[in-house]
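Counting convention: from 1, in listed order, for ligands and their atoms alike. Side chains included, hydrogens not; waters and symmetry mates left out as well; all remaining heavy atoms used.
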Amino acid sequence: MRLEVKDLRKSYGPVAVLKGVDLTVKAGEVLAFLGANGAGKSTLLNCVSGAQDADAGDILVDGASLRGASPRQVQDQGVAIIYQHFQVFEGLSVADNIFLGHEIKRGGRVDRRAQNAQARDLLARLGVDDIDPRGDLGALGVGERKVVEIARALRLKPKFLILDEPTASLSDKEAKALHEVIRQAVANDGIGVIYVTHFLDEIPKIADQVTILRDGRILWTRPVGEVSIADMTDAISPDALMSGLESIPFVADGPEALRLSNLKTGFVGPINVGLHRGEVLGIYGLMGAGRTELLECLSGAAPLSGGEMVLNGEKRAFSSPRDALTNGVALVASDRKEQSLFASFSAVENLMVPHMGRSPMPRLLRSFQQEGRGFERAARRLNIQPPNPRLQGQRFSGGNAQKIMVSRWLLEGSGVQLLLLDEPTQGVDIGARHELYEALADVKRKGTTIIVASSDATEICLLADKVMVLGRGQQVALIDNPHDEEQLIELAHKAEHSAEQMELT
Ligand SMILES: Nc1ncnc2c1ncn2[C@@H]1O[C@H](COP(=O)(O)OP(=O)(O)OP(=O)(O)O)[C@@H](O)[C@H]1O
């Protein structure tokens, strides 16, 4: 049994994105599907899943064509897709999520007992026995939520499963558990998997074959045992700057730029930390630990409910992100397509957001030429594709949208003194990730204080001068010059676990 993509082509207006793609996945095989931001991966997945129509070519499952099929028909033909953005719902039980849209009914009513029993069996087949099908999905961590999505997909007994960046916001430990679940699914049911990721380290752990999509065409497909991480990096991003990635030493100079004393917001706190100009604080914790909530409070998007924040010697509590921005504090949110990117604004307008409210000149009189040059510089620096300043924000691929969001605050004259970044490299390809680290190092050198939250312990150790570990809203550790990734992972998991125990007792 095989899923075949044959000479698939797709253009958006005059821009050809897929230029004749051929791809084969066999039953019982995991194919890692890799490519730089904007290479066309999502476009291909959307054509396969029926979400978009290809212009030419074919998609075959066991010889039967899927061209022109609706997403429902594609699902009925045995192809399931799990998107990066979660499509499970809090407020519903795990079993209700698994059976959503396909409820088991008895006498016209949902048979919860049968659903719970079948959900338990499904999870057990994946080697998972610690998720209660009756429990609310809201109580689960992100790794477990992904497992629930996989169980839901497998309930329809697909022949092929497509996973789009499934580990994007998972800790290393959660990713490992998810790999095990996928391996079980492949071993039990012989399904074929297409696995899209930007984390090259996980490829040898999960994939059998590796395919590289570059610029709308397949560059090569090879067995995983025959390629190194360097081969993959080079194929994805030939110009990537891979050497010289080192932490930049930080020397405290002058008074503190930021002091948080017993700060509380929602379930988070008390938080205590002091930072200087040019110092980088990493916030490490599992999803749900309170990282985003803390950043939102500092950026004026969520209220401060206790303690205080002192910025450059003045006590502050921002009433809105705009208020924060006026005072030199900016946040790049993790869900940029939802929260930060203006979908209908052009790329250059998105980039110029920090300057808009401040420019004394009316919009029409501002220098388009200057803005264009700013965009050109940012596009060159982070390889924003396509480098078209007039393209609407919503037309950029996920990773390129992220590059635009971060670039906003890296431009000269953005006036930012405290830069808050939530998962800044999520969805960003290997080459651009390194460019982004370099760009942040520049910002740091110029004296901007940075707080960066990430679920990637390696990234935290590389960027941060100091790391705060959060677990269920509590500050569980503050470590200077972090270098031990395992220690961070252990601390975060332990904090989560002991909080769970405390709740149970
Ligand atoms: N609706 C659209 N209109 C115009 N161009 C589009 C549209 N959707 C995508 N594109 C362009 O198609 C190209 C491929 O995008 P796609 O999302 O498939 O890339 P990707 O490989 O999934 O990238 P990423 O790793 O960043 O998610 C990009 O250059 C993008 O700007």
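Residues forming a salt bridge (charged side-chain N to carboxylate O under 4.0 Å, His left out) with Asp208 (at least two apart in sequence, or on another chain): none. Pro158 pairs by the side-chain contact (heavy atoms from CB on, under 4.5 Å) definition with Ala80, Leu154, not counting sequence neighbours. Here Asp215 pairs with Lys19 under the salt bridge (charged side-chain N to carboxylate O under 4.0 Å, His left out) rule; sequence neighbours left out.
For the residue pair Gln52 / Tyr12, a side-chain donor-acceptor distance below 3.5 Å is found, with atom types taken as modelled. Judged by distance alone, the side chains of Tyr437 and Glu459 do bring a donor and an acceptor atom under 3.5 Å apart.
The shortest distance between side-chain heavy atoms of Ile206 and Val193 does not fall below 4.5 Å.
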Distance dump, ligand 1 polar atoms to protein, N/O, under 3.5 Å:
{"residue": "ligand 1", "atom": "1 (N)", "partner": "Arg395", "partner atom": "NH1", "Å": "3.4"}
{"residue": "ligand 1", "atom": "10 (N)", "partner": "Arg395", "partner atom": "O", "Å": "3.3"}
{"residue": "ligand 1", "atom": "18 (O)", "partner": "Ser42", "partner atom": "N", "Å": "3.4"}
{"residue": "ligand 1", "atom": "18 (O)", "partner": "Thr43", "partner atom": "N", "Å": "2.9"}
{"residue": "ligand 1", "atom": "18 (O)", "partner": "Thr43", "partner atom": "OG1", "Å": "2.6"}
{"residue": "ligand 1", "atom": "19 (O)", "partner": "Gly40", "partner atom": "N", "Å": "3.4"}
{"residue": "ligand 1", "atom": "21 (O)", "partner": "Ala39", "partner atom": "N", "Å": "3.2"}
{"residue": "ligand 1", "atom": "21 (O)", "partner": "Gly40", "partner atom": "N", "Å": "2.9"}
{"residue": "ligand 1", "atom": "21 (O)", "partner": "Lys41", "partner atom": "N", "Å": "2.8"}
{"residue": "ligand 1", "atom": "21 (O)", "partner": "Lys41", "partner atom": "NZ", "Å": "2.8"}
{"residue": "ligand 1", "atom": "22 (O)", "partner": "Ser42", "partner atom": "N", "Å": "2.8"}
{"residue": "ligand 1", "atom": "22 (O)", "partner": "Ser42", "partner atom": "OG", "Å": "2.7"}
{"residue": "ligand 1", "atom": "23 (O)", "partner": "Gly38", "partner atom": "N", "Å": "2.8"}
{"residue": "ligand 1", "atom": "23 (O)", "partner": "Ser397", "partner atom": "OG", "Å": "3.4"}
{"residue": "ligand 1", "atom": "25 (O)", "partner": "Asn37", "partner atom": "ND2", "Å": "3.0"}
{"residue": "ligand 1", "atom": "25 (O)", "partner": "Lys41", "partner atom": "NZ", "Å": "2.8"}
{"residue": "ligand 1", "atom": "25 (O)", "partner": "His198", "partner atom": "NE2", "Å": "3.0"}
{"residue": "ligand 1", "atom": "26 (O)", "partner": "Asn37", "partner atom": "ND2", "Å": "3.0"}
{"residue": "ligand 1", "atom": "26 (O)", "partner": "Ser397", "partner atom": "OG", "Å": "2.7"}
{"residue": "ligand 1", "atom": "26 (O)", "partner": "Gly399", "partner atom": "N", "Å": "2.8"}
{"residue": "ligand 1", "atom": "31 (O)", "partner": "Arg395", "partner atom": "O", "Å": "2.7"}

